Amino acid sequence: QVQLVESGGGLVQAGGSLALSCAASGRPINTYGMGWFRQAAGKERQFVAAISSSGTSSYYADSVKGRFTISRDNAKNTLYLQMNSLKPEDTALYYCAASPAFGVVRSQRLYNYWGQGTQVTVSS
């Protein structure tokens, strides 16, 4: 019911910044909690950040806290992830996801809709 398309990935040097976007379609996402996840080569998908449906609450994985900022613009039906001070270990395929829950959702099993991912590569 909700289609998600990520964009903004690319190649960046360590210490640089990237801004990811996730465009949603099919239905409004103003009642969905949203999240960002990432999967590095040879590793399991891991939680990065989540934001409540209204955008008033957010939560971050310890590995990105203080460097990444999740935000949303419900009028544009879009989710964002601003990534600063990037490290080589941030290299991964980044996914956005939507949950029918209104609040901050950390558990992957509560997300019903997923994008196809956008690649972020951080060179050392």
Side-chain angles (χ1 to χ4, degrees):
Q1 294 183 8
V2 178
Q3 295 79 48
L4 304 172
V5 180
E6 303 93 338
S7 63
L11 176 65
V12 64
Q13 293 187 29
S17 299
L18 279 176
L20 305 184
S21 297
C22 174
S25 60
R27 62 168 50 189
I29 60 170
N30 60 353
T31 61
Y32 288 82
M34 302 290 292
W36 287 98
F37 298 80
R38 66 187 183 186
Q39 187 170 24
K43 296 184 178 180
E44 295 295 310
R45 182 188 293 159
Q46 66 178 181
F47 171 80
V48 175
I51 189 168
S52 61
S53 59
S54 66
T56 58
S57 299
S58 60
Y59 187 84
Y60 300 89
D62 287 342
S63 59
V64 307
K65 193 173 300 180
R67 300 188 297 119
F68 291 11
T69 302
I70 188 171
S71 62
R72 64 193 297 162
D73 187 338
N74 285 339
K76 296 181 178 179
N77 232 34
T78 303
L79 175 73
Y80 304 97
L81 183 68
Q82 178 65 48
M83 305 185 295
N84 300 323
S85 302
L86 284 163
K87 305 174 181 179
E89 50 263 46
D90 294 319
T91 295
L93 187 64
Y94 282 71
Y95 298 90
C96 69
S99 169
F102 284 90
V104 172
V105 180
R106 307 174 194 174
S107 176
Q108 295 187 40
R109 63 183 273 113
L110 297 181
Y111 285 90
N112 291 350
Y113 307 104
W114 296 80
Q116 295 183 0
T118 185
Q119 179 67 40
V120 172
T121 302
V122 184
S123 62
S124 60

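Side-chain atoms are counted along with the backbone in the values below, which use heavy atoms only and exclude waters and symmetry mates. Everything numeric here is computed off the predicted structure, so don't read it as measured data.
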Checklist entry - Tell me, do Asn77 and Pro28 make a side-chain contact under 4.5 Å, heavy atoms counted? => result yes
Item to check | Side-chain donor or acceptor of Arg67 paired with backbone N/O of Ser85 under 3.5 Å | outcome: yes
Checklist entry - Which ring pair (Phe, Tyr, Trp, His ring centres under 6.0 Å) pairs, counting each pair once, include a residue from residues 74-96, with sequence neighbours left out? => result none
Item to check | Under the ring-ring contact (aromatic ring centres under 6.0 Å, His included) test, residues paired with Phe37 that sit two or more places apart | outcome: Phe47, Tyr111, Trp114
Next on the checklist: Test of understanding: with side-chain contact (heavy atoms from CB on, under 4.5 Å), list the residues that count as partners of Ser124, not counting sequence neighbours.
Outcome noted: Pro88
Checklist entry - So do the side chains of Cys96 and Trp36 get within less than 4.5 Å of each other, counting heavy atoms only? => result yes
Checklist entry - Checking Arg106 side chain against Ala61 main chain: does a donor-acceptor pair fall under 3.5 Å? => result no
Item to check | All side chain to side chain donor-acceptor pair (under 3.5 Å) counterparts of Ser71, not counting sequence neighbours | outcome: none
Checklist entry - Is the side chain of Ser52 donor-acceptor paired with the backbone N or O of Ser57 at a distance under 3.5 Å, no angle test? => result yes
Checklist entry - Looking at CG of Leu86 and OG of Ser123, how far apart are the two atoms once the value is rounded to the nearest 0.5 Å? => result 10.0 Å
Next on the checklist: How long is the straight-line distance from CG of Leu93 back to CD of Gln116, given to the nearest 0.5 Å?
Outcome noted: 10.0 Å
Checklist outcome for this item: Residues Ser58 and Ile70: closest non-hydrogen pair is CB-CG2, 3.7 Å
Checklist entry - With hydrophobic residues grouped by side-chain heavy-atom distances under 4.5 Å, do Leu81 and Ile51 end up in a single group? => result yes
Next on the checklist: So, taking the atom named NZ in Lys76 and the one named CD1 in Ile29, what distance separates them when rounded to the nearest 0.5 Å?
Outcome noted: 12.5 Å
Item to check | salt bridge (charged side-chain N to carboxylate O under 4.0 Å, His left out) contacts in which one or both residues fall within residues 35-62, not counting sequence neighbours | outcome: Arg38-Asp90, Asp62-Lys65
Item to check | Side-chain donor or acceptor of Asn74 paired with backbone N/O of Ser53 under 3.5 Å | outcome: yes
Checklist entry - Of the non-hydrogen atoms in Gly117 and Glu6, which two are nearest, and what is the gap between them? => result N-OE1, 2.8 Å
Checklist entry - What pairs with Ser25 under side-chain contact (heavy atoms from CB on, under 4.5 Å), at least two apart in sequence or on another chain? => result Gln3
Next on the checklist: If hydrophobic clusters are built by linking Ile, Leu, Val, Met, Phe, Trp and Tyr wherever their side-chain heavy atoms come under 4.5 Å apart, do Val104 and Leu110 end up in the same one?
Outcome noted: yes
Checklist entry - Residues in side-chain contact (heavy atoms from CB on, under 4.5 Å) with Thr69, at least two apart? => result Tyr60, Gln82
Checklist entry - Do Val105 and Phe68 belong together in a cluster built from hydrophobic side chains that touch within less than 4.5 Å? => result no
Checklist entry - Hey, any chance Leu79 and Val2 share a hydrophobic cluster, counting ILVMFWY side chains that come within less than 4.5 Å of each other, even indirectly? => result yes
Using a 3.5 Å cut-off and no angle test, enumerate the donor-acceptor pairs between side-chain atoms of residues 7-24 and protein atoms at least two apart in sequence or in another chain.
{"from": "Ser17", "atom 1": "OG", "to": "Asn84", "atom 2": "OD1", "distance (Å)": "2.9"}

